[in-house]
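This report refers to the structure that appears directly beneath it.
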2 protein chains.
Amino acid sequence: MNTTSRTEENYLKAIFQLCERSEEPIATNAIAHAMKTSAASVTDMIKKLSKKELVHYQKHKGVRLTDNGSSMATNLVRKHRLWETFLVNKLNFSWEEVHEIAEELEHIPSKKLIDRLDDFLGNPKFDPHGDPIPDAEGNFTFRKQISLPELAEGAEGILVGVQDDTMPFLQYLNKLNLTLGTKIKIVERFPYDESTKIVINGAQEQILTNKVCLNLFVKTV
Amino acid sequence: MNTTSRTEENYLKAIFQLCERSEEPIATNAIAHAMKTSAASVTDMIKKLSKKELVHYQKHKGVRLTDNGSSMATNLVRKHRLWETFLVNKLNFSWEEVHEIAEELEHIPSKKLIDRLDDFLGNPKFDPHGDPIPDAEGNFTFRKQISLPELAEGAEGILVGVQDDTMPFLQYLNKLNLTLGTKIKIVERFPYDESTKIVINGAQEQILTNKVCLNLFVKTV
DNA sequence: AAGTATTTTTAGACTAATCTAAAAATATTT
DNA sequence: AAATATTTTTAGATTAGTCTAAAAATACTT
């Protein structure tokens with residue numbers, strides 16, 4: 001059987017996401033933490049993925065995705081983000097509700113399905129959290145974006161993405177009226193507590209903590 | 001854990017479908033055949049479902065769904081048929097392609113998802129094969145329909161459903177231009193080989209075998 | 001009603017994914 | 001560089017779902 005189980009897919013996706021943040025091989029423990037499982041289980045699975053040539057692996061040296069593993073993971077990301085877009089744009093879900101459901105939908109296997117869905121949605125390049133959606137060949141669209149702390153005092157930007165896409169953060173942004181496409185102007189920075197005063201859509205003033213600012217991506221206008 | 005696995009769901013659905021055709025308890029072998037597995041596996045699973053009170057079961061006496069089991073199965077049918085409708089109506093799949101993909105999609109757990117999908121599709125009452133879609137409470141819409149052999153010679157009907165929804169049959173119907181909504185007139189029956197001559201949409205003449213006729217449902221106009 | 005055939009259940013083994021606990025390897029500290 | 005701490009791997013057990021083969025129960029025939 002040369003098929004890939006749901007569990008294997010989840011490991012591949014977790015490794016892919018850890019790879020994005022580091023050049024180094026990924027540690028067993030890091031994967032165990034991401035997958036909420038034990039290091040022993042990770043070792044077992046790594047051996048299995050290695051046998052299938054989806055990861056490069058040497059004992060005690062951590063793990064990297066092979067080209068094959070990487071393209072499988074990219075395809076999962078594509079499916080995840082397209083389904084999220086469907087849920088928000090067509091079924092009127094809000095951006096913080098969709099992650100969990102998309103975790104399930106991303107494992108539906110048909111390529112034809114996902115390509116038809118892509119067309120149905122108008123071949124979107126970014127998902128409801130501003131993350132890029134790879135195309136059928138695995139190419140990501142890059143956007144020149146900067147995090148809010150990089151935006152100069154007095155400058156303006158459009159909110160185009162978030163770093164953290166978990167429920168609590170997205171719900172907090174909802175409360176602040178911060179949705180994708182919102183215009184943000186940096187009014188003043190307060191070194192004392194690293195907070196930032198912004199104006200939202202030229203109207204509403206707001207103080208943001210540094211933690212929030214680090215999780216917001218804007219493009220300059 | 002009071003959750004229901006994918007495998008358990010598939011057994012429930014198979015039993016539900018067997019129940020539709022008989023008043024008698026369902027035999028272990030019948031389930032084994034439907035699930036393409038061994039009788040031994042079925043016995044194991046039946047015990048498990050029985051412990052969860054999803055089926056009534058006595059050794060050697062066959063199996064029936066409990067109210068609980070029945071409503072879970074109905075919900076699976078609802079999900080299956082709504083997804084099929086989505087695939088055909090929104091993603092332009094043809095009616096013979098959708099069964100396999102819907103077998104996967106029906107296991108996605110969110111109730112909110114399926115109710116939103118239902119609304120998005122305009123709360124359809126029948127799927128692309130003419131089968132009724134139960135509502136969120138599990139109620140089926142019944143339609144007065146008869147199979148083609150019940151339609152009198154000279155009478156007309158509109159094709160509203162098929163008994164067999166497997167690929168080969170549906171593809172055969174495609175070749176004959178027989179799709180849901182087609183007008184069928186019985187021209188003449190030939191007792192010699194039990195075949196039937198029909199006219200499709202008042203234009204195309206066609207001979208159908210009894211096997212095909214038995215699988216077609218029409219409503220009279 | 002006795003014997004045969006069929007169906008169903010039990011028994012025991014297998015695989016995938018997981019766990020805990022212990023052993024081995026690597027990294028850090030003094 | 002030795003001692004300690006951490007990380008990773010191994011070993012052995014567990015669970016869900018499956019299998020085959022044999023035993024038990026039921027059904028069919030004559």
Side-chain angles (χ1 to χ4, degrees), chain A residues 1-15 18-19 21-22 24-65 69 72 76 103-104 106-107 109, chain B residues 1-15 18-19 21-65 69 72-73 76 103-104 106-107 109:
Chain A
M1 201 71 67
N2 206 9
T3 178
T4 311
S5 74
R6 188 162 294 244
T7 313
E8 288 167 341
E9 287 188 345
N10 284 332
Y11 273 94
L12 287 175
K13 213 182 64 161
I15 295 166
L18 291 165
C19 282
R21 293 265 146 218
S22 95
E24 295 301 303
I26 308 305
T28 304
N29 258 358
I31 301 170
H33 183 254
M35 294 290 298
K36 297 188 166 92
T37 186
S38 69
S41 305
V42 173
T43 302
D44 286 349
M45 179 55 80
I46 280 173
K47 284 186 194 162
K48 208 171 136 200
L49 294 176
S50 178
K51 196 166 290 170
K52 291 189 175 187
E53 302 194 29
L54 296 170
V55 298
H56 297 293
Y57 169 61
Q58 289 175 272
K59 272 186 199 173
H60 301 100
K61 293 280 165 65
V63 92
R64 302 248 73 188
L65 291 174
M72 291 196 58
L76 285 165
E103 289 285 299
E104 297 286 331
E106 74 191 8
H107 298 291
Chain B
M1 201 70 68
N2 206 11
T3 178
T4 311
S5 74
R6 189 162 294 244
T7 313
E8 288 169 339
E9 287 188 344
N10 284 332
Y11 272 94
L12 287 175
K13 212 181 66 161
I15 296 167
L18 291 165
C19 281
R21 294 263 146 216
S22 94
E23 290 301 305
E24 295 301 302
I26 308 305
T28 304
N29 257 358
I31 301 169
H33 182 255
M35 294 291 297
K36 298 189 167 87
T37 186
S38 69
S41 304
V42 173
T43 302
D44 286 350
M45 179 54 80
I46 279 173
K47 284 186 195 161
K48 207 172 139 201
L49 294 176
S50 177
K51 197 167 290 171
K52 290 189 175 190
E53 302 194 28
L54 296 169
V55 298
H56 297 293
Y57 170 61
Q58 289 175 272
K59 272 186 197 173
H60 301 100
K61 293 280 165 65
V63 93
R64 302 248 73 189
L65 291 175
M72 291 195 60
L76 284 165
E103 289 284 300
E104 298 285 332
E106 73 191 8
H107 298 291

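Naming: A, B, ... by sequence-line order, numbering from 1 per chain.
- In this entry the distance linking NE2 of B:His33 with P of C:dT7 reads 12 Å, nearest Å.
- What separates NZ of B:Lys51 from P of D:dT15 is a distance of 12 Å, to the nearest Å.
- The pair B:Arg6-B:Glu104 meets the salt-bridge criterion, since a charged nitrogen lies less than 4.0 angstrom from a carboxylate oxygen.
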Please tabulate the protein-to-nucleotide N/O contacts below 3.5 Å involving nucleotides 25-28 of chain D, giving atom names and distances.
none

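- For the pair A:Ile26 CD1 and D:dT7 C1', the computed distance is 15 Å after rounding to whole Å.
- With B:Lys13 as reference, B:Glu106 is the one residue of B:Glu106, B:Met72, B:Met35 to meet the side chain to side chain contact (heavy atoms under 4.5 Å, CB included) rule.
- Listed pair B:Asn29 / C:dT8 meets the phosphate criterion, a side-chain N or O lying under 4.0 Å from OP1 or OP2.
- Contacts between residues 6-13 of chain B and DNA chain C, defined by a heavy-atom separation under 4.0 Å, are absent.
- Exactly one of B:Thr28, B:Thr43, B:Leu49 qualifies for a side chain to side chain contact (heavy atoms under 4.5 Å, CB included) with B:Tyr57. That residue is B:Thr43.
- Atom OG1 in A:Thr37 sits 9.0 Å away from atom CE in A:Met45 (nearest 0.5 Å).
- Taking atom CE of A:Met35 as the reference point, atom C1' of C:dC19 lies 15 Å away to the nearest angstrom.
- For DNA chain C, the neighbouring residues in residues 37-47 of chain B, judged by any heavy atom under 4.0 Å, are B:Ala39, B:Ala40, B:Thr43, B:Lys47.
- For B:Tyr57, no side-chain nitrogen or oxygen approaches OP1 or OP2 of C:dT8 to under 4.0 Å.
- For the atom pair CZ of B:Arg64 and OG of B:Ser22, the computed distance is 5.5 Å after rounding to the nearest 0.5 Å.
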